[in-house]
*Asks:* 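Pasting a structure below so you can have a look.
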Amino acid sequence: MTYTDAHAGHRTRIFLSGGSGTVTRPVSHLPMAGWGQALDLFLTDEVEVVNCSRGRASTKSFRERGRLQWILDSMAPGDYLVMAFGQIDWKPDPGLHTEPFEDFIEHLRAYVTGARERQGHPILMMPFERRRIDRHGNVSRFLGDYPVAMRQLAQEEFVPLIDVYGQSLQWWEELGPEETKHVFTYLRPGEPLMPVVQDADNVHLRADGAVEVARFVARAMVAQQLIPAHWVKDLDRRTVSYDELGWLDDATFQHRTKSRVAPARDL
């Protein structure tokens with residue numbers, strides 16, 4: 001992979017597509033955070049992160065509602081498309097549901113093909129597992145075959161794969177039932193409960209978890225030589241302030257959500 005084919009005069013961009021685990025959260029969702037809003041912490045100004053993820057998005061809904069098309073229309077040669085799906089596709093809602101080895105793979109294949117047609121670089125990212133740990137410290141494989149299907153597609157289409165899923169299983173088992181509460185959205189003493197946030201949430205990350213997933217993603221992109229090493233910084237930093245996480249005001253969040261869509265033309 002080469003890094004010199006971006007349009008002159010603009011930074012190479014990394015477009016993020018995915019669901020609630022990736023999305024940049026508004027301040028009304030504190031302390032919940034998506035890993036996508038933390039990725040900038042580990043990247044230099046030579047590259048721009050464009051987080052197009054949408055809460056409660058599956059591969060199907062993201063594509064059918066024109067969010068994928070907006071990314072493809074915006075991509076320039078040399079840009080990247082990270083596909084971070086697999087946490088919502090299991091839901092029975094017909095507007096969201098896909099079968100792992102059927103339309104889940106086929107939707108993702110359209111993302112890969114679209115990025116390549118625009119001389120971009122597709123990257124598949126397996127989802128992190130939920131916090132479901134039994135009394136023996138074993139982590140439940142709630143997401144089932146979706147991570148397996150994503151790996152299969154990566155092999156079939158020769159797409160780079162970032163295995164956050166396997167890493168999350170290791171993390172949650174090492175941390176155990178109590179310490180994982182510091183990773184997911186469990187409120188700490190003195191933190192207010194925002195109206196749209198559920199305490200003891202075993203699905204969505206708080207800032208601490210989002211930072212660690214973003215760190216793993218940045219490190220993996222360099223280790224797999226997907227991006228040049230000089231695009232990455234501060235992988236070993238351990239102190240991050242909330243001010244650096246880039247929560248959006250509600251108006252900006254709503255504008256991005258509504259504006260980053262285009263008529264889907266590839267269905």
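Position 1 is the first residue of the sequence, and the numbers go up from there. These values consider heavy atoms only, across backbone and side chains, with no hydrogens, waters or symmetry-generated copies.
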*Asks:* I'd like to know if R206 and E191 make a salt bridge, using a cut-off of under 4.0 Å between side-chain N and carboxylate O.
*Replies:*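 Salt bridge flag = yes for E191 with R206.
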*Asks:* Distance from M194 atom CE to T185 atom OG1, nearest 0.5 Å?
*Replies:*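 Taking CE in M194 and OG1 in T185, the distance rounds to 12.5 Å.
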*Asks:* Has the side chain of S58 got a donor or acceptor atom that lies under 3.5 Å from a matching backbone atom of L96?
*Replies:*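 Between the backbone of L96 and the side chain of S58 there is a qualifying donor-acceptor contact (under 3.5 Å).
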*Asks:* Taking atom types as modelled and ignoring hydrogens, do the side chains of N51 and S53 form a donor-acceptor contact shorter than 3.5 angstrom?
*Replies:*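 N51 vs S53: donor-acceptor pair found between side chains.
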*Asks:* Got more than 12 heavy atoms from elsewhere within 6.0 Å of CG, D45?
*Replies:*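 Atom CG in D45 is not crowded, with 12 or fewer foreign heavy atoms closer than 6.0 Å.
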*Asks:* L43 versus I14: any side-chain heavy-atom pair under 4.5 Å?
*Replies:*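 Yes, close enough: below the 4.5 Å cut-off.
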*Asks:* Under 3.5 Å, is there a donor-acceptor pair linking the side chains of T22 and W35?
*Replies:*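 There is such a pair (donor and acceptor under 3.5 Å, judged by atom type) between the side chains of T22 and W35.
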*Asks:* Side chains of V139 and R132: does their closest heavy-atom pair fall under 4.5 Å?
*Replies:*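 Not touching, per the 4.5 Å side-chain cut-off.
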*Asks:* So Q224 and I162, do their side chains get closer than 4.5 Å, heavy atoms only?
*Replies:*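 In short, these two side chains touch, coming nearer than 4.5 Å.
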*Asks:* Tell me, do M221 and I227 make a side-chain contact under 4.5 Å, heavy atoms counted?
*Replies:*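 Yes. Closest side-chain heavy atoms under 4.5 Å.
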*Asks:* Indicate the atoms forming the closest heavy-atom contact of A38 with V211, along with that distance.
*Replies:*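 Here A38 and V211 meet closest at CB-CA, 4.0 Å.
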*Asks:* Rounded to the nearest 0.5 Å, how far apart are OH of Y111 and CG of L81?
*Replies:*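 The distance works out to 8.5 Å.
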*Asks:* Between D73 and Q69, does any side-chain donor sit less than 3.5 Å from a side-chain acceptor?
*Replies:*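 The answer is yes; a qualifying pair exists.
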*Asks:* Does L235 offer a backbone N or O that forms a donor-acceptor pair with the side chain of R219 under 3.5 Å?
*Replies:*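 Between the backbone of L235 and the side chain of R219 there is a qualifying donor-acceptor contact (under 3.5 Å).
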*Asks:* Run the salt bridge (charged side-chain N to carboxylate O under 4.0 Å, His left out) check on E157 and R109 step by step: do they pass?
*Replies:* CA-CA 8 Å; E157 296 290 341; R109 201 186 308 273; 2.5 Å; yes
*Asks:* Are R13 and V50 close enough, and set up right, to give a side-chain contact (heavy atoms from CB on, under 4.5 Å), and what steps lead you there?
*Replies:* CA-CA 7 Å; R13 292 166 296 178; V50 184; 4.1 Å; yes
*Asks:* For the residue pair F216 and W171, categorise the inter-ring angle as parallel (less than 30°), tilted (30 to 60°) or perpendicular (more than 60°).
*Replies:*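 F216 and W171: perpendicular rings.
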*Asks:* Regarding R131 and Y186, is there a side-chain donor-to-acceptor distance under 3.5 Å anywhere?
*Replies:*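 Looking only at side-chain atoms, Y186 and R131 do form a donor-acceptor pair, the distance falling under 3.5 Å.
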*Asks:* When you group the ILVMFWY residues by side-chain heavy-atom contacts below 4.5 Å and let the links chain together, are V183 and L169 in the same group?
*Replies:*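 Per the 4.5 Å side-chain linkage, L169 and V183 are co-clustered.
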*Asks:* Does I88 share a hydrophobic cluster with Y165, counting links as ILVMFWY side-chain heavy atoms below 4.5 Å and allowing steps through other members?
*Replies:*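 No, because I88 and Y165 fall into different hydrophobic clusters, even though each may have its own neighbours under 4.5 Å.
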*Asks:* Counting neighbours of NE2 on H182 that are heavy atoms of other residues, nucleotides or ligands and sit closer than 6.0 Å, is the number greater than 12?
*Replies:*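 More than 12 within 6.0 Å, yes.
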*Asks:* Would you say that C52 contacts L16 through its side chain, given a criterion of any heavy-atom pair below 4.5 Å between the two side chains?
*Replies:*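 No - every pair of side-chain heavy atoms lies 4.5 Å or more apart.
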*Asks:* In this structure, which one of F85, F104, W70, F15 forms a ring pair (Phe, Tyr, Trp, His ring centres under 6.0 Å) with F62?
*Replies:*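 Answer to the ring pair (Phe, Tyr, Trp, His ring centres under 6.0 Å) test with F62 among F85, F104, W70, F15: F85.
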*Asks:* Taking T59 for the side chain and L108 for the main chain, is one N or O donor matched with an acceptor at less than 3.5 Å?
*Replies:*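 Judged by distance alone, no pair lies under 3.5 Å.
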*Asks:* Is the closest basic N to carboxylate O distance between E129 and R141 below 4.0 Å?
*Replies:*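 Result for this pair is no, no salt bridge flagged.
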*Asks:* Could you check if a side-chain atom of R25 sits within less than 4.5 angstrom of a side-chain atom of Q37, using non-hydrogen atoms only?
*Replies:*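 With C-beta onward as the side chain, the pair touches.
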*Asks:* So which atom in L143 and which in Q87 form the shortest heavy-atom distance, rounded to 0.1 Å?
*Replies:*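 Minimum heavy-atom contact is CD2-CA, 3.9 Å.
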*Asks:* Is a side-chain donor or acceptor of Y146 paired with a backbone partner of D89 at a separation under 3.5 angstrom?
*Replies:*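 Looks like yes, one N/O pair under 3.5 Å.
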*Asks:* Using the side-chain contact (heavy atoms from CB on, under 4.5 Å) rule, take M83 and M150 through it: C-alpha gap first, then chi angles, then the decisive distance, then the call.
*Replies:* CA-CA 10 Å; M83 296 152 279; M150 186 176 283; 5.6 Å; no
*Asks:* Please confirm whether W247 and Y242 have ring centers closer than 6.0 angstrom.
*Replies:*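 Between Y242 and W247, which both carry aromatic rings, the centre distance is below 6.0 Å.
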*Asks:* Could you tell me whether the side chain of T252 and the main chain of L248 form a donor-acceptor pair under 3.5 Å?
*Replies:*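 It does not hold such a pair.
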*Asks:* Take L41 and D234 through the side-chain contact (heavy atoms from CB on, under 4.5 Å) test and state the conclusion after the steps.
*Replies:* CA-CA 8 Å; L41 295 172; D234 298 337; over 6 Å; no
*Asks:* Between D93 and K91, is there a salt bridge with N-O shorter than 4.0 Å?
*Replies:*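 Looking at D93 together with K91, the answer is no, because their closest N to O distance does not fall below 4.0 Å.
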*Asks:* Set out, in order, the CA-CA distance, both residues' side-chain angles and the distance that settles side-chain hydrogen bond (donor to acceptor under 3.5 Å, both in side chains) for S20 and H204, then state yes or no.
*Replies:* CA-CA 7 Å; S20 56; H204 301 104; 3.1 Å; yes
*Asks:* Count the heavy atoms belonging to other residues, nucleotides or ligands that lie under 6.0 Å from CZ of R65, then report whether that count exceeds 12.
*Replies:*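 No, the 6.0 Å shell around CZ holds no more than 12 heavy atoms from other groups.
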*Asks:* If you look at every heavy atom in A57 and G18, which pair is closest and at what distance?
*Replies:*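 Smallest heavy-atom distance, with atoms named: CB-O, 3.8 Å.
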*Asks:* Do NZ/NE/NH1/NH2 and the carboxylate oxygens of R238 and E212 come within less than 4.0 Å?
*Replies:*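 Judged by the 4.0 Å cut-off on N to carboxylate O distance, R238 and E212 do form a salt bridge.
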*Asks:* Using the six-membered ring wherever Trp is involved, compare the ring planes of F128 and W172 and label them parallel, tilted or perpendicular (cut-offs 30° and 60°).
*Replies:*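 It falls in the perpendicular class, over 60°.
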*Asks:* Can you tell if the side chain of V217 reaches within under 4.5 Å of the side chain of M125, non-hydrogen atoms only?
*Replies:*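 Sidechains of M125 and V217: in contact.
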*Asks:* Find out whether V197 and L30 are in side-chain contact, i.e. whether some heavy atom of one side chain is under 4.5 Å from a heavy atom of the other.
*Replies:*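 No, side chains not in contact.
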*Asks:* Can you name the closest pair of heavy atoms from A207 and L245 and give their distance?
*Replies:*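 That would be CB-CG, 4.5 Å.
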*Asks:* Under 4.5 Å between side-chain heavy atoms, hopping through other hydrophobics if needed: is there a path connecting I71 to L39?
*Replies:*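 Yes; L39 is reachable from I71 via cluster members.
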*Asks:* Report yes or no: do H97 and E99 form a side-chain donor-acceptor pair below 3.5 Å?
*Replies:*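 Yes, E99 and H97 have a side-chain donor paired with an acceptor closer than 3.5 Å.
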*Asks:* Should the pair D79-R118 be classified as a salt bridge under the 4.0 Å nitrogen-to-oxygen rule?
*Replies:*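 Salt bridge flag = no for R118 with D79.
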*Asks:* Salt bridge or not for E244 and R237, using N-O below 4.0 Å?
*Replies:*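 Salt bridge: yes.
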*Asks:* Salt bridge between K181 and D208, side-chain N to carboxylate O under 4.0 Å?
*Replies:*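 Here K181 does not pair with D208 in a salt bridge, since their nearest N and O are not under 4.0 Å apart.
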*Asks:* Check for me, please, whether V203 and M32 land in the same ILVMFWY cluster - side-chain distances under 4.5 Å, paths through other members count.
*Replies:*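 Result: no, two separate clusters.
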*Asks:* Testing the 3.5 Å rule here: is there a donor-acceptor pair between the side chains of T98 and D103?
*Replies:*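 No pair is found: no donor N or O on one side chain lies under 3.5 Å from an acceptor on the other.
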*Asks:* Between F253 and D249, is a side-chain contact (heavy atoms from CB on, under 4.5 Å) present by the stated rule, with each step listed?
*Replies:* CA-CA 6 Å; F253 177 80; D249 62 78; over 6 Å; no
*Asks:* Please report the closest heavy-atom contact between G36 and V49, naming both atoms and the distance.
*Replies:*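 Scanning both residues, the minimum pair turns out to be O-CG1, 4.3 Å.
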*Asks:* What distance do R63 atom CZ and S17 atom OG have between them, rounded to the nearest 0.5 Å?
*Replies:*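 Separation between the atoms: 12.5 Å.
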*Asks:* Compare every heavy atom of M126 with every heavy atom of D163, then report the nearest pair and how far apart it is.
*Replies:*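 Closest pair (atom of D163, atom of M126, distance): OD1-SD, 3.3 Å.
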*Asks:* Quick one: NZ on K233 to CD on E46, what's the gap to the nearest 0.5 Å?
*Replies:*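 These two atoms lie 10.5 Å from each other.
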*Asks:* Check whether the ring centres of F42 and W231 lie less than 6.0 Å apart, and answer yes or no.
*Replies:*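 Between F42 and W231, the centre distance exceeds or equals 6.0 Å.
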*Asks:* Can you tell me how far the CD atom of Q170 sits from the CG atom of L175, to the nearest 0.5 Å?
*Replies:*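 These two atoms lie 10.0 Å from each other.
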*Asks:* Determine, using the 4.5 Å side-chain heavy-atom cutoff (strictly less than), whether F184 and L187 are members of one ILVMFWY cluster.
*Replies:*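 Different clusters.
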